[in-house]
Amino acid sequence: MSDSDDLFIREDPIFVNKELLEISHLPDEDRIVGRDEEISQLANAVNPAIFGQSPSNVLIYGKTGTGKSLCAKYVSSQLVSTAEDEGVDAIFAYVDCAQDTTETQAVQTIADSVNTPEADIYIPDKGISTATYYKRLWRILDAHHDVALIILDEIDKLEDDSILMQLSRAGEAGKIEDCKIGVIGISNKIKYKDRMDERVKSSLCEREFVFPPYDATQLNEIMEARSDAFRDGVIEDGVIPRAAALAAREHGDARKAIDILRYAGEIAQSTNADTVPEDFVVQARERAETDRFSELISGSTPHSRYVLQALTVLSLNDEDATGYRTTRIYDVYEDICRQEGADALSLRRVRDLLKEHAFLDVIEQSRHSGGSAEGSYTEHELLEDPEVVKEVLEDNIE
DNA sequence: AATCCACTGGAAGTGATGGATG
DNA sequence: CATCCATCACTTCCAGTGGATT
């Protein structure tokens with residue numbers, strides 16, 4: 001590095017191409033590791049689309065960070081460009097159902113991403129009935145596309161599957177005539193299929209794939225493949241194997257592995273280090289945890305935080321207990337509300353708030369049955385270290 | 001077997017918010 | 001403009017639940 005005093009002309013000493021480490025980044029094929037088999041099978045399933053025929057509907061299973069979305073997106077984008085060579089107008093839409101949990105929101109994003117300037121159809125964000133979104137979607141597809149691939153990521157987060165129904169029946173119901181639709185569903189719960197509607201199940205699950213978790217060697221390769229995000233020689237030798245080992249232990253989640261690598265680089269940046277030594281990896285993992293956590297908390301309402309605070313207070317004062325009853329938490333929660341000068345919410349609502357926290361893996365719930373006149377009840381327990389929760393909670397007051 | 005009872009969770013509803021539409 | 005539409009954050013009501021006690 002030059003030792004010039006110019007504040008702003010300095011080059012980033014750590015990263016050259018940081019986008020390689022963003023989760024949304026779609027790598028080239030030679031950077032996708034250990035998924036050759038899956039990719040070719042997937043390509044095979046949607047292949048008819050190239051000639052304007054109906055692609056098979058596909059359901060992909062696999063734990064988080066096993067490359068499901070990555071492969072689906074990759075295959076879809078390849079398909080679109082190959083189809084173009086054949087003179088077929090294909091398009092694909094990606095919906096993250098964790099973001100768009102209702103039928104309406106999901107159709108909205110599909111319609112929005114399938115929309116083209118030529119179509120000149122206005123897709124508002126909200127304020128319109130679900131039926132209208134469908135109508136406009138069919139109109140766009142019919143008039144401007146031959147084939148549409150719709151990727152529904154985290155499909156198990158959808159509140160109801162009527163959208164799947166609509167999509168799979170669109171052709172038969174005569175809603176669209178000149179466009180074929182293929183659906184790629186992605187779920188991390190194998191059980192998801194069981195709770196699906198019988199009719200949807202038969203049409204949606206023409207092909208099924210299961211993506212196994214990555215092992216440490218593959219994680220190693222994945223990170224190796226993306227290591228040119230860093231400047232030459234910045235990462236010390238042990239870093240990648242160490243991060244791979246950590247991530248492999250936590251269920252082979254490649255996303256987490258890459259996150260760790262990025263955080264390690266950021267730590268180096270903020271401490272003005274020239275290289276990334278191995279022990280940054282451990283720090284990076286902790287930071288990834290607390291970051292995720294404070295992200296979750298900052299998005300929640302004050303009362304949601306008070307509830308969590310109540311549970312934290314209990315955990316700190318009474319350490320040997322393994323869980324706390326809803327009513328006990330509610331009592332503490334009422335105290336907190338009094339201190340904050342806020343009206344307490346109903347018990348019913350607090351139960352739902354606790355359930356939401358459980359859903360986000362912030363706390364864990366367990367059902368118990370008590371003795372006489374005790375009935376059945378739920379106990380709640382913090383999953384993170386109470387001290388950490390307390391800190392994050394305090395940082396988030398505003 | 002009936003009763004108890006703290007606790008659970010589904011259902012329906014309310015009123016406010018923000019936006020589209022004819 | 002009035003009318004529709006979805007959604008949020010929350011409430012009220014109420015039919016279970018399940019093991020000990022009667």
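Just so it is clear, the model here is predicted, and its values are computed rather than measured. A, B, ... follow the sequence lines: proteins, then strands. Residue 1 opens every chain.
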Could you check whether A/Arg287 makes a cation-pi contact with A/Tyr263, meaning its NZ or CZ is under 6.0 Å from the centre of the six-membered ring and within 45° of the ring axis? no
Let's see if you can work this out: which of C/dC10, C/dA6, B/dG9 has an atom nearest to the side-chain heavy atoms of A/Thr130? C/dA6
Indicate, with a heavy-atom threshold strictly under 4.0 Å, whether A/Arg367 touches base, sugar-phosphate, or nothing. sugar-phosphate
Looking at the side chain of A/Thr102, which of B/dC7, C/dT7, B/dG9 is the nearest nucleotide? C/dT7
Within the structure shown, what part of the strands sits under 4.0 Å from A/Thr378 by heavy-atom distance: base, sugar-phosphate, or nothing? sugar-phosphate
B/dG13 phosphate, OP1 or OP2, under 4.0 Å from A/Arg348 side-chain N/O: no
Could you check which of B/dT21, B/dC7, C/dC10 has an atom nearest any side-chain atom of A/Arg325? B/dC7
Measure the distance from OH on A/Tyr133 to P on C/dC4 and round it to the nearest whole Å. 18 Å
Classify A/Tyr122 by what it touches in the nucleic acid, base, sugar-phosphate, or nothing, heavy-atom distance under 4.0 Å. sugar-phosphate
Nearest-Å distance for atom pair CG/P, residues A/Leu353 and B/dT8: 14 Å
5' priority, DNA chain C, between A/Thr101 and A/Ser129 [closest heavy atom]: A/Ser129
To the nearest Å, how far apart are A/Arg328 CZ and B/dC7 C1'? 16 Å
Atom CD of A/Glu379 and atom P of B/dA6 are separated, to the nearest Å, by 17 Å
Between atom CG in A/Leu347 and atom C1' in C/dT11, what is the gap in whole Å? 13 Å
Does a side-chain N or O of A/Thr132 approach OP1 or OP2 of B/dA20 to a distance below 4.0 Å, or not? no
Regarding A/Thr378 and A/Thr326, is there a side-chain donor-to-acceptor distance under 3.5 Å anywhere? no
May I have the distance from A/Ile123 (atom CD1) to B/dG19 (atom C1'), rounded to whole angstrom? 15 Å
May I ask you to decide whether A/Arg338 forms a salt bridge with A/Asp335, counting only side-chain N to carboxylate O separations under 4.0 Å? yes
Whole-Å distance between C/dC8 P and A/Lys126 NZ? 9 Å
Closest to side chain of A/Thr327, choosing from B/dC7, B/dT21, C/dA9: B/dC7
May I have the distance from A/Gln108 (atom CD) to B/dG19 (atom C1'), rounded to whole angstrom? 12 Å
Side-chain N or O of A/Ser346 versus OP1/OP2 of C/dT11: is the shortest distance under 4.0 Å? yes
Taking atom NZ of A/Lys63 as the centre, does the number of heavy atoms from other residues, nucleotides or ligands within less than 6.0 Å exceed 12? no
Using the ring of A/Tyr94 (Phe, Tyr or Trp, six-membered ring only), decide whether A/Lys73 places NZ or CZ under 6.0 Å from its centre and within 45 degrees of its axis. yes
Would you call the rings of A/Tyr306 and A/Tyr333 parallel, tilted or perpendicular if under 30° counts as parallel and over 60° as perpendicular? tilted
Compare the minimum distances between each of C/dT7, B/dG19, C/dT12 and the side chain of A/Thr104, then state the nucleotide with the smallest one. C/dT7
If you only use heavy atoms from C-beta on, which nucleotide in C/dT17, C/dC10, B/dA20 is closest to the side chain of A/Ser376? C/dT17
Taking the side chain of A/Tyr377 as heavy atoms from C-beta outward, which of B/dT21, B/dT8, B/dG18 is closest to it? B/dT8
